[in-house]
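All remarks here apply to the structure that follows.
Note that ligands are numbered from 1 as they come in the structure, with each ligand's atoms numbered from 1 the same way.
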Amino acid sequence: MRIQDQIAEKLNLVEAYTITDASSLEAFRLLFISKKGELSALFDAFKQVPNDQKKEVGQLLNQLKNTAEEKFKIQKEALEAKQQDGEIADFDVFLPPVPHALGSLHPLTTVGQEIIDIFTKMGFTLSDGPEIETDWNNFSALNFAENHPAREMQDTFFVEKNPDILLRTHTSSVQIRTMSTQKPPIRILSVGRVFRNETISARAHCMFHQVEGLYINKKVSFAELKQTLLHFAKELFGHKVQIRMRPSYFPFTEPSAEVDVSCSLCHGKGCNVCKHTGWLEICGAGMVHPNVLKNCGIDPEAYTGFAFGMGIERIVMLKYNIKDLRLYTENDIRFLRQFKI
Ligand code: PHE
């Protein structure tokens with residue numbers, strides 16, 4: 001067959017070739033574009049073409065090559081465009097969206113707020129103070145003896161020594177600030193972070209939160225303290241709970257007591273949470289020591305008062321039966337999710 005006819009035949013093949021997908025495009029490329037393909041045999045044969053026909057045959061060959069290359073380019077672009085369309089079409093625009101999970105309040109925040117609400121309904125107002133305190137506001141004014149163990153480096157974080165500046169170890173320091181600047185009657189609640197130099201474990205942390213209350217007026221009695229705490233316990237743990245007070249010691253209160261609430265889980269029968277005693281310790285309390293009133297410029301002959309203090313972490317532990325203090329600060333979403341309201 002003449003080379004001109006062979007070229008015409010290949011041109012027909014190129015034009016008739018149907019490309020529908022990536023594999024037929026690749027087959028076309030191997031057949032008509034690649035150096036090892038069918039057209040290169042024709043280019044080899046071109047060398048034997050007599051000189052007088054070279055111009056004509058050359059033109060035909062070029063036309064065939066261009067047609068194949070043009071077809072390949074157009075089909076390749078068309079296929080790519082189709083693929084992109086296909087990807088978009090893969091989305092079902094009518095599917096409902098994945099819900100956007102909202103965060104929730106930390107249990108220390110919700111229970112802390114619950115405690116605040118109970119006391120503010122009884123007439124207590126919030127009073128605030130700094131976390132970095134002087135020795136006077138945190139210890140001396142509260143009647144801590146010069147050699148009291150709480151003043152040791154192992155128990156307290158000192159920022160500076162002589163004069164001593166420290167991270168407050170309780171929010172009683174706010175009570176000193178308030179009593180030193182306001183005249184009785186005083187009825188305040190101080191809430192906030194406190195720090196103690198403890199090794200972190202399931203039962204102890206170097207940072208926790210306290211709520212402390214203080215009431216100073218003429219003729220404030222221990223009976224009023226007891227009634228205030230009983231009302232608080234019933235509001236927080238339910239109306240069936242009882243409280244009991246055990247003698248205790250704090251430098252800033254006299255007499256002092258440790259306050260227990262009857263176990264709200266076993267109702268006094270005894271369980272693991274109350275260690276089979278039927279009681280859970282919730283706070284310390286007592287009548288404000290006359291020395292503390294004097295240190296703040298309040299006449300202990302004219303005024304008396306009571307104070308109480310509790311750890312929010314401990315109350316949340318009792319309320320939800322949490323066994324490890326560290327869970328509060330680890331930010332494990334599985335822990336936090338359980339308290340979503
Ligand atoms: N400040 C005490 C503490 O941190 C708690 C307390 C407050 C006890 C008021 C009695 C009266 O342990």
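Between F28 and F72, the two ring planes are parallel [angle under 30°; tilted spans 30° to 60°]. The aromatic rings of F124 and F308 stand perpendicular to each other, their planes meeting at an angle above 60°, with 30° marking the opposite boundary. By the 30° and 60° cut-offs, the orientation of the rings of F139 relative to F144 is perpendicular.
Sorted by chain and number, the heavy-atom contacts of ligand 1 below 4.0 Å come from H170, S172, R196, Q210, E212, F250, F252, T253, G284, A285, A307, F308, G309.
Within the 4.5 Å cutoff, no side-chain heavy atoms of R29 are placed close to those of L25. Considering only heavy atoms from C-beta on, P184 comes within 4.5 Å of I298 through its side chain.
Among T156, N197, N138, the single residue meeting the side-chain hydrogen bond (donor to acceptor under 3.5 Å, both in side chains) criterion with T169 is N138.
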